[in-house]
Amino acid sequence: MLIRLAAPKDVRPSDITPESMYLSRREWLAAAGLTVGAIAGAAALWPRRASAQQAPGKPYGLQPDDRPTPWEDVTSYNNFYEFGTDKSDPAQEARDFKPLPWTVQVEGLVKKPGAYALEDFLKPSKLEDRIYRHRCVEAWSMVVPWRGIMLADVLKRAEPTAGAKYVAFTTLYDPARMPGQRYPVLRWPYTEGLRLDEAMHPLTLLVTGVYGRDLPNQNGAPLRLVVPWKYGFKGIKSIVRIRLTDAQPATAWNVSAPNEYGFYSNVNPTVDHPRWSQAKERRIGEFLRRPTLMFNGYADQVASMYSGMDLRRNY
Ligand code: MTE
């Protein structure tokens with residue numbers, strides 16, 4: 001498969017999705033599993049600039065008043081410390097980053113380790129468009145139409161051995177191409193991890209695109225993780241290595257501030273960050289803050305993975 005990347009600055013909102021792929025307002029709400037009454041109520045809340053926000057893909061775990069965050073916000077308000085620590089830095093500083101060609105290493109406790117060119121790595125998985133809630137630990141949120149493949153597909157192909165319990169992910173380390181890595185703001189390269197059952201969960205996506213287009217550099221080109229029931233920092237960008245392990249892997253934020261960022265990082269409105277509340281969030285583009293949902297609204301799908309665990313200790 002050929003991965004094409006358009007320069008984000010060249011994209012007009014009307015380019016993002018072919019008109020034929022837009023969901024109508026009613027289709028959107030129906031796809032979100034809403035009743036006729038809810039459709040009527042929610043329709044009244046639909047913003048005027050709906051057409052710019054309609055997006056390809058199946059809505060997962062959305063609420064009646066969740067609307068995709070416009071492309072402009074998804075691609076200009078970013079966290080990607082390899083390209084600076086301000087929200088506006090990645091769109092500017094990653095402009096000249098050339099993500100292709102790209103190699104992904106799959107290794108560790110697997111029967112079939114290997115180094116894959118990105119296009120081979122993605123084959124033969126099916127790219128899917130899925131619209132997810134995206135909740136940052138900083139108490140802001142978005143709704144993002146991602147495009148990706150299930151991480152489970154990739155892991156199954158590699159055939160984890162019986163001893164594999166966790167999956168560790170690593171971002172590219174290349175200070176010449178990622179200028180933020182010249183400063184010790186985090187321990188580089190950025191790393192993340194999941195328990196194997198979390199990694200195999202059908203909601204967990206390896207993402208290659210957004211709004212039906214290949215990922216812009218600032219969103220983690222050419223390949224990033226998205227785990228919608230966890231805080232956004234678990235969504236490691238520009239992944240070059242996926243390693244199956246028997247021990248819980250170190251993660252970049254846990255290493256830099258262990259009392260603030262744990263391994264699990266499940267969205268949980270009842271467990272505050274030591275410096276701020278997690279009970280509410282500011283949806284980018286909205287004025288009033290909205291309540292944060294347990295597991296970011298995905299409790300029905302994922303809560304059973306944590307039954308019996310103390311989520312206050314395992315934050
Ligand atoms: N991945 C890398 N390699 N470096 C980063 O700084 N930031 C994380 C995560 N992935 C980060 C990263 C944080 S804090 C968040 S909230 C999300 O990316 C933001 O994803 P977005 O910019 O696409 O919204």
Side-chain angles (χ1 to χ4, degrees), residues 13 16 22-55 57-79 85-88 90-91 130-146 203 210-211 218-219 226-235 260-261 265-303 311 315:
I16 292 167
Y22 283 175
L23 286 176
S24 72
R25 172 166 64 185
R26 186 164 287 272
E27 284 167 335
W28 162 272
L29 294 163
L34 299 168
T35 61
V36 173
I39 289 175
L45 299 168
W46 196 261
R48 290 244 167 78
R49 47 194 213 149
S51 63
Q53 298 191 8
Q54 284 163 1
K58 187 160 176 241
Y60 278 77
L62 299 187
Q63 304 295 311
D65 57 346
D66 278 330
R67 235 80 64 204
T69 303
W71 159 273
E72 292 78 7
D73 292 326
V74 173
T75 59
S76 67
Y77 191 87
N78 299 105
N79 276 329
T85 54
D86 284 349
K87 297 282 175 288
S88 56
R130 295 183 176 192
I131 307 171
Y132 281 166
R133 301 164 68 95
H134 179 51
R135 170 61 157 82
C136 184
V137 75
E138 297 161 333
W140 53 263
S141 65
M142 297 190 189
V143 174
V144 184
W146 301 114
L203 284 174
V210 68
Y211 268 101
Q218 60 269 36
N219 293 92
V226 169
V227 193
W229 69 94
K230 293 180 181 279
Y231 292 116
F233 66 88
K234 300 295 282 184
E260 300 191 6
Y261 308 106
S265 306
N266 292 322
V267 173
N268 188 340
T270 70
V271 177
D272 290 341
H273 182 280
R275 289 185 281 135
W276 59 81
S277 164
Q278 293 292 18
K280 290 193 168 179
E281 65 202 51
R282 186 173 66 84
R283 176 67 47 84
I284 298 301
E286 292 180 1
F287 181 65
L288 295 175
R289 295 198 306 154
R290 49 169 76 208
T292 286
L293 303 177
M294 190 65 203
F295 295 112
N296 202 24
Y298 299 92
D300 288 351
Q301 293 93 331
V302 304
L311 296 178
Y315 56 93

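The residues of the chain are indexed from 1 along the displayed sequence. Quick caveat, the model's predicted, so the values are computed rather than measured. Just the heavy atoms: all of them, side chains too, but no hydrogens, waters or symmetry mates, feed the values below.
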Show me the donor-acceptor pairs, under 3.5 Å and distance only, between side chains in residues 139-146 and residues at least two apart or in other chains.
unit_1: Trp140; atom_1: NE1; unit_2: Glu138; atom_2: OE1; d: 2.7
unit_1: Ser141; atom_1: OG; unit_2: Glu281; atom_2: OE2; d: 2.8
unit_1: Ser141; atom_1: OG; unit_2: Arg283; atom_2: NE; d: 2.9

request  = Decide yes or no on side-chain contact (heavy atoms from CB on, under 4.5 Å) for Val226 and Arg130, but give the supporting numbers first.
outcome  = CA-CA 11 Å; Val226 169; Arg130 295 183 176 192; over 6 Å; no

ask   = Between the side chains of Asn78 and Lys87, is a donor N or O closer than 3.5 angstrom to an acceptor N or O?
value =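 There is no such pair between these side chains.
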
Within the side chain of [X], is there an N or O that forms a donor-acceptor pair under 3.5 Å with the backbone of [Y]?
X	Y	value
Trp276	Val137	yes
Asn219	Val74	yes
Tyr298	Val227	no
Asp66	Gln63	yes

task = Could you please spell out the steps behind the side-chain contact (heavy atoms from CB on, under 4.5 Å) verdict for Phe295 and Asp300?
result = CA-CA 9 Å; Phe295 295 112; Asp300 288 351; over 6 Å; no

How long is the span from the [atom1] atom in [X] to the [atom2] atom in [Y], to the nearest 0.5 Å?
X	Y	atom1	atom2	value
Arg282	Cys136	CZ	SG	10.5 Å
Tyr77	Thr69	OH	OG1	11.5 Å
Lys58	Tyr132	NZ	OH	10.0 Å

message = Between Met294 and Leu311, is the side-chain contact (heavy atoms from CB on, under 4.5 Å) condition met? List the steps.
response = CA-CA 11 Å; Met294 190 65 203; Leu311 296 178; 3.8 Å; yes

Name every donor-acceptor pair, under 3.5 Å, that has one atom in a side chain of residues 266-273 and the other anywhere in the protein, sequence neighbours excluded.
unit_1: Asn266; atom_1: OD1; unit_2: Trp229; atom_2: NE1; d: 3.3
unit_1: Asn266; atom_1: OD1; unit_2: Lys230; atom_2: NZ; d: 2.9
unit_1: Asn268; atom_1: OD1; unit_2: Thr270; atom_2: N; d: 2.9
unit_1: Asn268; atom_1: OD1; unit_2: Thr270; atom_2: OG1; d: 2.7
unit_1: Asp272; atom_1: OD1; unit_2: Gln278; atom_2: N; d: 3.1
unit_1: His273; atom_1: ND1; unit_2: Arg275; atom_2: N; d: 3.0
unit_1: His273; atom_1: NE2; unit_2: Glu260; atom_2: OE1; d: 3.2
unit_1: His273; atom_1: NE2; unit_2: Tyr261; atom_2: OH; d: 3.4

key: Closest approach of Pro228 to Leu203 (non-hydrogen atoms, all atoms of both residues)   = CD-O, 3.6 Å

